[in-house]
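Accompanying notes for the structure given below.
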Amino acid sequence: MCGIAGFLDTSRSKSSEQLTLITRRMTTSLRHRGPEDEGVWVDPNTGVALGHRRLSIIDLSPMGHQPMHSAGGRYVITFNGEIYNFKALRQELEQLGETFRGHSDTEIMLAAIARWGVEASLQKFNGMFAFALWDREEQTLYLSRDRAGEKPLYYGWAGKTLLFGSELKALQQHPDFRGDIDRGAVAVYLRHNYIPAPHSIYKGIYKLPAGTFLVIRGFGSDASPKPYWSAKVAAEDGIANPFRGTEEEAVNQLDALLNDAVTMRMEADVPLGAFLSGGIDSSLIVAIMQANSKRPVKTFTIGFDNREFNEAESAKLVAQHIGTEHTELYVTPEEAMAVIPRLPTLYDEPFADSSQIPTFLVSQLARRNVTVSLSGDAGDELFGGYTTYQWGRSVHQNIGWMPGALKAGLAKTIKPLSRLDWNALLDGRQSVVPESLRSKDINKVLSKLTGILKVNEREALYWILLSYWMEPSSVVLGAKEPLTPLTDKTKWAKIDDIMHVMMYLDTIMYLPDDILVKVDRASMGVSLESRVPLLDHRIIEFAWKLPIDMKVKGTLGKVPLRNLLYRYVPKHLVDRPKKGFGVPIHEWLRGPMRSWAEDLLDESRLKNEGYFAEKPIRQKWNEHVSGRRNWQAQLWAVLMFQAWLEQQKSRTEADSDFPAESVQIPKTSGVASAYPSAT
């Protein structure tokens, strides 16, 4: 696991020393992603510069150094991630006459690309990765990203220079980077609490979509990402060619696939462990790890004294049954809140999934003992685990049949009701209010229902269900909300079942742009590699072959994962309500974080900065601190933007005192030597 950065300066106006200085500054900003080694390769004749920071996982020797040249010298690569099937590919290549000097997966990648080409090799790779590859013969730059989007890659033109990097902070170090904030991206961020690909917070800077590669042959060339694998095709093909066996046979096949995926991801030359929450997904991953390990697997859990959010007790029981070497750490609210000032730097752009805090803490805990940690992410999206899917199906069944005119009339009737203060109206009348409504925010329910009644497509219904700020363009000044996979019909798959529709949309947007971003930045922020076995593309494709009634039965989701887990762990240890992985932000905003939030949400400050309409934000803030409403998610998004904006101002001021020429080049940097001394 590493950090990569670089650029293609099509003006070819910079010397080798200038290219190296700039690249070195870009990679230095990514030191947390690769603290153990660094490398730079430049070619002033073509204006290309590739940089690398290394976290050594496979082949700890100098043979794994990057950027690395192919054996014939045609290709140079800077690569972040892991190719899990590299041993099988090596064997295949050796049968074709290839020889190797080291045993890194990067060397295998280069040999595969040299023999089969870029796209054909991408289809052979089983892994998580982002890389930049320079073809010296064709003078062409390739950028690519893994199928599921586990590893990040940003890119964009700054004048006649194409910039790229694992994180935005690397692009910010290039002297041509401008960083104009995209107000449309801010609007879609307020809607979802993250910025979906291909957008970023900056105009002209993009996230390379998962499962694609980009080919750059000079300034002005077509820079449209090309898919080499498609979640849409996987979903449509799987549904069109469903699994025909019994449920037990499905679990048997899943068992074989997941065992192979887990054991492949246990390949490492450094200490390895796993995150364990005690839930279905992480417990299953850990159980399979332990079944394939000769020694106790190291597992890690964060606990909280607040029982509403604490999963440590359940995780401990699962760990004891499986027989892992378990470490748990109970975190105080003060320790959790101490992470918040680090979030803008960790995430580089506004990101407001508050579970980012415990994710960072458990990564920090694991890094004390291991360098690689496996996780159980993606089980909900692939096997129907979110309660949102149940709600979405229920709503669709109840109102989907209604004619448009009837829905429009109901929406018109309900909208005024959503503006009433229902908490005040119901105060003192709790005894006559149904229990199911007492725990609900009736205003939010009515507001969602108003939005749902205005749309017809199932995808649009889910878009409303997933929205936090319902009309973000009215809150972000001068913003026009851009298309996302939830609103761009060209991204929609041909799927009949409403639950499968929601699972598909989460797989192409929420999973890569929220869950995987959260885990990547939190883990790499402490130089920890996180691996996700359930995102092996073979498992993704198999999951789509399973009919929905094999995955979800009534209100119970993830049925195949549950039935497989029961082969390893007793049901009573893992069958419990899902708590999620959060922290009580709503309480903190009314208590110890109130002054911090008040400063960031100050009315005059909002007005002077000019990004937000201050009135709706101040209204939600006043309602929240008074206890009348819980606007945690909406306010956290604004606060994370404000904290990020403040950090950007500080960075700009610091950069003005830190010219690129001040960067010192260590003796290990400079133009990379011949094959294979580069990763």
Side-chain angles (χ1 to χ4, degrees), residues 1 32-33 35 55 167 193-194 271-279 281-283 285-286 297-316 318-319 324-348 350-377 514-532 578-589 591-593 596 632-633 636 639-640 643-644 647:
M1 187 66 61
H32 54 286
R33 298 187 74 94
L55 177 63
E167 298 180 16
N193 282 5
Y194 60 91
L272 176 142
F275 301 138
L276 178 61
S277 70
D281 308 329
S282 66
S283 297
I285 297 303
V286 169
V297 171
K298 297 178 186 294
T299 53
F300 306 93
T301 299
I302 289 291
F304 298 95
D305 289 330
N306 186 328
R307 297 186 65 86
E308 181 183 352
F309 298 93
N310 186 40
E311 294 187 313
E313 294 175 0
S314 300
K316 185 176 182 179
V318 172
T324 71
E325 182 183 326
H326 191 58
T327 301
E328 64 179 21
L329 176 66
Y330 273 76
V331 179
T332 66
E334 291 74 22
E335 290 170 324
M337 285 185 284
V339 175
I340 293 172
R342 301 185 61 173
L343 297 178
T345 302
L346 273 175
Y347 287 87
D348 269 352
F351 183 80
D353 181 338
S354 61
S355 62
Q356 62 199 134
I357 297 171
T359 302
F360 175 81
L361 290 168
V362 75
S363 297
Q364 191 176 56
L365 173 65
R367 187 61 179 94
R368 298 175 187 174
N369 296 281
V370 301
T371 311
V372 177
S373 186
L374 275 62
S375 81
D377 292 310
D514 184 309
I515 299 297
L516 298 181
V517 168
K518 174 182 65 181
V519 174
D520 176 82
R521 304 306 191 278
S523 59
M524 292 310 297
V526 293
S527 304
L528 175 75
E529 174 170 303
S530 178
R531 299 177 177 178
V532 188
K578 187 179 181 69
K579 293 185 178 180
F581 196 40
V583 287
I585 294 291
H586 61 292
E587 295 177 3
W588 294 352
L589 290 177
M593 287 169 50
W596 168 79
Q632 167 187 319
W636 190 246
L639 288 166
M640 285 294 95
W644 172 83
Q647 188 264 350

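The shown structure was predicted, so the numbers you read here are calculated from the model rather than taken from an experiment.
We find the CH2-CG distance between Trp636 and Leu589 to be 6.5 Å, quoted to the nearest 0.5 Å. Rounded to the nearest 0.5 angstrom, Met640 CE and Gln647 CD are separated by 11.5 Å. We find the CG-CD distance between Leu329 and Gln364 to be 9.0 Å, quoted to the nearest 0.5 Å. Summarising the geometry, atom NZ belonging to Lys518 is positioned 11.5 Å from atom OH belonging to Tyr194; distances are rounded to the nearest 0.5 Å. If you take OG on Ser354 and CG on Leu343, they are separated by 10.0 Å, rounding to the nearest 0.5 Å. One finds the CZ atom of Phe304 at 9.5 Å from the CD atom of Glu335 (value rounded to the nearest 0.5 Å).
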- Residue pair Leu272, Leu374: steps toward the side chain to side chain contact (heavy atoms under 4.5 Å, CB included) verdict: CA-CA 8 Å; Leu272 176 142; Leu374 275 62; 4.1 Å; yes
- Could you go through the side chain to side chain contact (heavy atoms under 4.5 Å, CB included) check for Leu639 and Trp596 one step at a time? CA-CA 9 Å; Leu639 288 166; Trp596 168 79; 4.0 Å; yes
- Query: Under the side chain to side chain contact (heavy atoms under 4.5 Å, CB included) criterion, do Gln356 and Arg521 qualify, and how do the steps go?
  - Reply: CA-CA 9 Å; Gln356 62 199 134; Arg521 304 306 191 278; over 6 Å; no
- Message: Does Ser530 form a side chain to side chain contact (heavy atoms under 4.5 Å, CB included) with Asp520? I'd like the steps, not just the answer.
- Response: CA-CA 7 Å; Ser530 178; Asp520 176 82; over 6 Å; no
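Of all heavy-atom pairs between Val331 and Ala336, the closest is CG1-N, 3.7 Å. In this structure, Ala312 and Glu328 approach most closely via the heavy-atom pair O-OE1, 3.8 Å. Shown here for Leu276 and Ala319, the closest heavy-atom pair between the two residues is CD2-CB, 3.8 Å. Taking both residues in full, the closest heavy atoms of Tyr330 and Asp305 are given as CD2-OD1, 3.8 Å, listed atom of the first, atom of the second, then distance. Of all the heavy atoms in Pro341 and Ala338, the pair that sits closest is CD-O, 3.3 Å. Of all heavy-atom pairs spanning Ala522 and Ser363, the tightest one is O-CB, 3.8 Å.
Lys298 pairs by the salt bridge (charged side-chain N to carboxylate O under 4.0 Å, His left out) definition with Glu325, not counting sequence neighbours.
A donor and an acceptor atom, one from each side chain of Thr301 and Lys316, are nowhere located under 3.5 Å apart. Residues Thr299 and Thr324 bring a donor and an acceptor atom of their side chains to less than 3.5 Å of each other.
A side chain to side chain contact (heavy atoms under 4.5 Å, CB included) with Leu528 is found for one member of Val362, Val370, Leu55, Leu365 and no other, namely Val370.
Side-chain contact between Phe275 and Val286: absent, with no pair of heavy atoms (C-beta onward) separated by less than 4.5 Å. In this structure, Pro358 and Val583 have side chains that are in contact, with non-hydrogen atoms separated by less than 4.5 Å. Using a 4.5 Å heavy-atom threshold, the side chains of Asp514 and Asn193 count as separate.
Within the 3.5 Å criterion, the main-chain N or O of Ser527 finds a donor-acceptor partner in the side chain of Arg367. The main-chain N or O of Ser277 is found under 3.5 Å from a side-chain atom of Ser282 such that the two form a donor-acceptor pair.
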